[in-house]
Amino acid sequence: MDYTPAKGVWDKTYVHVDSSRIDDYLVALKKTWVPEQERAKKHGLVDQYVVQVLANPATTGPNVMLGIHYLSMAALDPEKSRDMAMQAEAEKAIPKAASAAEQEVRAKYRTIVREELWTSVDYGK
C-alpha cells in the first residue's frame, strides 16, 4: 500500500464570526476554549489543537476553524470519572454562570457552521 492510515482524528469546527469581532472571538477563545484543550491534553485525550483564521475573513462562510487532534477515536468515547473530573476542573477555572454569560455574548456575533471529523494518512518517506 502507498499510504498508512494515521492514528487519531481531527475534530474541525468551522465558525462564522462577524469580521469586525474576530479579535473579540480570539480573545474569548484564549480564556475558555484554550484552557479546555489544555485540560484535555493533561488528561491524555488530545495531543494538539489549532485555531486558524481565514486570510480574507470578510466572507459569508466560515472564517475561523478550531481544530482538535484526538489521539484516537476511542478518546471521543465517554468515561464517567475522567469526564466528571474535567468538568469539575472547568467549573473551578470558570464558574458555570460566567461560562454561560460568555457563551451568550459570543452567540451574538458567531455562528457554528459545521463540525467534521477528519482522519489523516501517512505516506512514509
**Item:** Cluster check M65, V34: I/L/V/M/F/W/Y, side chain < 4.5 angstrom
**Value:** no

**Nearest-0.5 Å distance that lies between atom CG in D77 and atom OG in S72** = 8.0 Å

**Request:** Is it possible for you to say whether Y109 and L26 belong to one hydrophobic cluster, with membership spreading through side-chain heavy-atom contacts below 4.5 Å?
**Result:** yes

**Request:** Answer with yes or no whether the hydrophobic clustering places V50 together with Y70; edges join I, L, V, M, F, W, Y residues whose side-chain heavy atoms lie under 4.5 Å apart.
**Result:** no

**Asked** Roughly how far, to the nearest 0.5 Å, is the CE atom of M86 from the CG atom of L45?
**Response** 5.0 Å

**Prompt:** Which word best sums up how the rings of W10 and H69 line up, parallel for under 30°, tilted for 30 to 60°, or perpendicular for over 60°?
**Reply:** tilted

**Residue pair P57 / A55: nearest heavy atoms and the distance that separates them** = CD-O, 3.3 Å

**Asked** Checking N63 side chain against V17 main chain: does a donor-acceptor pair fall under 3.5 Å?
**Response** yes

**CD (E116) with more than 12 external heavy atoms under 6.0 Å** = yes

**Request:** Flag yes if L66 and I68 sit in one hydrophobic cluster, no otherwise; membership is Ile, Leu, Val, Met, Phe, Trp, Tyr, and two members link when side-chain heavy atoms are under 4.5 Å apart.
**Result:** yes

**Item:** Least distance between heavy atoms, S19 atom then A58 atom
**Value:** CB-CA, 4.0 Å

**Asked** Mind checking whether V46 and V51 sit in one hydrophobic cluster, side chains of I, L, V, M, F, W, Y counted as touching below 4.5 Å?
**Response** yes

**Complete:** Nearest heavy-atom contact between R82 and A75 is NH2-O, 4.1 Å

**Item:** Stepwise side-chain contact (heavy atoms from CB on, under 4.5 Å) check, R106 with L29
**Value:** CA-CA 10 Å; R106 281 187 220 174; L29 291 175; 4.1 Å; yes

**Distance in Å, L71 CG paired with L76 CG, rounded so as to fall on 0.5 Å steps** = 10.5 Å

**Prompt:** What residues, two or more places apart in sequence or in another chain, satisfy side chain to side chain donor-acceptor pair (under 3.5 Å) together with D83?
**Reply:** none

**Message:** Out of the candidates D23, D18, D24, only one should pair with R21 under the side-chain hydrogen bond (donor to acceptor under 3.5 Å, both in side chains) rule; please name it.
**Reply:** D24

**Residue list, side chain to side chain donor-acceptor pair (under 3.5 Å) with Q103, at least two apart or on another chain** = R110

**Message:** Just verifying a value: how many Å separate H43 NE2 and E79 CD, rounded to the nearest 0.5 Å?
**Reply:** 10.0 Å

**Asked** Between atom NE2 of H16 and atom CG of L54, what is the distance when rounded to the nearest 0.5 Å?
**Response** 11.0 Å

**Request:** Measure the spacing between CE of M73 and OG1 of T119 and express it to the nearest 0.5 Å.
**Result:** 8.0 Å

**Complete:** Smallest heavy-atom separation, Y25 atom then V64 atom, equals CE2-CG1, 4.0 Å

**Request:** Could you go through the salt bridge (Lys or Arg N to Asp or Glu O under 4.0 Å) check for E38 and K42 one step at a time?
**Result:** CA-CA 6 Å; E38 286 297 322; K42 184 179 101 175; over 6 Å; no

**Request:** Would you mind reporting whether P62 and R114 have side-chain heavy atoms less than 4.5 Å apart?
**Result:** yes

